[in-house]
Amino acid sequence: MPELPDVEGFRRRFERLAKGRTVARVDVEARGRMLLAPESAVRSALRGRRLGATRRIGKWMFAKAGGDLWLALHFGMTGDVEEVGERDPPYARLVLRFRGGGGVAFTDPRRFGRIALAASPEAFADEHGLGPDAMELTERAFLRRIEGRRVGAKALLLDQGVLAGVGNLWADEALWQARIHPATRVEDLEDEARRRLFRAMRSALRRALRKPGDYEALPRTWLLPHRRVGGRCPRCGERLAPGAVAGRTTFWCPKEQRR
DNA sequence: AGGTATGTTAATTG
DNA sequence: GCAATTAACATACC
């Protein structure tokens, strides 16, 4: 489930469990693609360090590990942050145990997640071509960044280099709230529609951040609670159209979101 | 058993 | 160079 609000929830949990704690033991249960830094580097960046501030840019979470190094985590499709008790949680890929007891784990059954090290969150975002976080970006900056693009509106929202944090579900929600067909090309959107899209995205994410990751808590008047085959548009009752846009499963209201 | 999945990236094609 | 599409990654779940 990890999109911006979910990752923000992971960050808060990580911070609650780990901030101010000193790492006594590091277990790395990840190899290959999951590790963007050598295992030995991850180990030495964390072992013996007191964990500090946490940050989030888009779908990446960062935790300062002292020694001017930050741990960076991406949660792929199935990543999570879990508290560690006696034994490692299932699918643990990185386990940190603290001096004095307790610990925190990065779990990820499907192994699409990533474990990395960074000099700073900003430097990491630069190196990896991450655009500004969707909750930090201003409307003006959004308009400037999408100017001249010809991609479809959904592909635009999913492009982490344009803005970081929006994934498949929240892209659908934002487009539905803004009444924009997901395949509409940006160049065909009036300035007013572009602003509408930005505001819909921002307000939807802001509301989601009240209870990160809790999709049950979303208003029933929104798209996401109805986003399934056979679901109906909560505004007009029309059956939602399922399809593939930008290579991803997409739902929209065929009556209200026209090209 | 087969289809699907909230993410990213490389390869391919237009 | 840009944009769209598809496959691949690795695994769980229905």
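First the proteins, then the strands, lettered A, B, ... as listed; each starts at 1. What you see is a predicted model; the values in this text were computed from it and never measured.
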Notebook entry, point to check: Heavy atoms under 4.0 Å, any strand shown: does Gly113(A) hit a base, just sugar-phosphate, or nothing?
Noted result: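 Nothing, no nucleic acid heavy atom in range.
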
Next item on the list: Please work out if Arg114(A) contacts a base, only the sugar-phosphate, or nothing of the nucleic acid, heavy-atom cut-off 4.0 Å.
Entry: nothing

Integer-rounded Å distance: [N] [atom2] and [X] [atom1]:
X         : N       : atom1 : atom2 : value
Leu163(A) : dG7(B)  : CG    : C1'   : 15 Å
Tyr215(A) : dA5(B)  : OH    : P     : 15 Å
Arg228(A) : dG3(B)  : CZ    : C1'   : 19 Å
Met77(A)  : dC13(C) : CE    : P     : 14 Å
Leu35(A)  : dC9(C)  : CG    : P     : 19 Å
Asp6(A)   : dA5(B)  : CG    : P     : 17 Å
Asp80(A)  : dT11(C) : CG    : C1'   : 16 Å
Arg111(A) : dT9(B)  : CZ    : P     : 20 Å

Check: Watson-Crick or G-U wobble partner for dA10(C), using a 3.5 Å limit on both distances?
Finding: none

Check: So do the side chains of Lys59(A) and Leu4(A) get within less than 4.5 Å of each other, counting heavy atoms only?
Finding: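 Not in contact.
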
Item checked: From dT8(B), dA5(B), dG7(B), nucleotide with atom closest to Gln160(A) side chain -> dT8(B)

Next item on the list: Report the nucleotide, chosen from dA3(C), dA10(C), dG7(B), that has the shortest atom-to-atom distance to any side-chain atom of Val151(A).
Entry: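 Shortest atom-to-atom distance from the side chain points to dA3(C).
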
Note to self: Going by centres under 5.5 angstrom and planes under 30 degrees, do the aromatic ring of Phe112(A) and the base ring of dC9(C) stack?
What the structure shows: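 Base of dC9(C): stacked against Phe112(A).
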
Could you tell me whether [X] and [Y] make a salt bridge, using a distance below 4.0 angstrom between a side-chain N and a carboxylate O?
X         : Y         : answer
Arg194(A) : Glu190(A) : no
Asp188(A) : Arg150(A) : no
Glu139(A) : Arg195(A) : yes

Next item on the list: Apply the salt bridge (Lys or Arg N to Asp or Glu O under 4.0 Å) test between Arg56(A) and each candidate in Glu8(A), Glu15(A), Glu136(A); give the one that qualifies.
Entry: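 Only match with Arg56(A) under salt bridge (Lys or Arg N to Asp or Glu O under 4.0 Å): Glu8(A).
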
Note to self: For the P atoms, the ones on dA10(C) and on dA1(B), what distance do you get once it is rounded to whole angstrom?
What the structure shows: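 Each nucleotide's P atom is 22 Å from the other's.
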
Side-chain N or O of [X] closer than 4.0 Å to phosphate OP1/OP2 of [N]:
X         : N       : answer
His74(A)  : dG7(B)  : no
Arg248(A) : dG7(B)  : yes
Arg150(A) : dC2(C)  : no
Thr249(A) : dA5(B)  : yes
Arg33(A)  : dA10(C) : yes

Notebook entry, point to check: Parallel, tilted or perpendicular: which fits the ring planes of Phe75(A) and Phe10(A), with parallel below 30° and perpendicular above 60°?
Noted result: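 Judged by the thresholds at 30° and 60°, the geometry between Phe75(A) and Phe10(A) is tilted.
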
Item checked: Along DNA chain B (nearest heavy atom to each residue), the more 5'-positioned of His128(A) and Arg110(A) -> Arg110(A)

Notebook entry, point to check: Tyr91(A) or Gly148(A): which one's nearest nucleotide on DNA chain C is closer to the 5' end?
Noted result: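 Between the two, 5'-proximity favours Gly148(A).
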
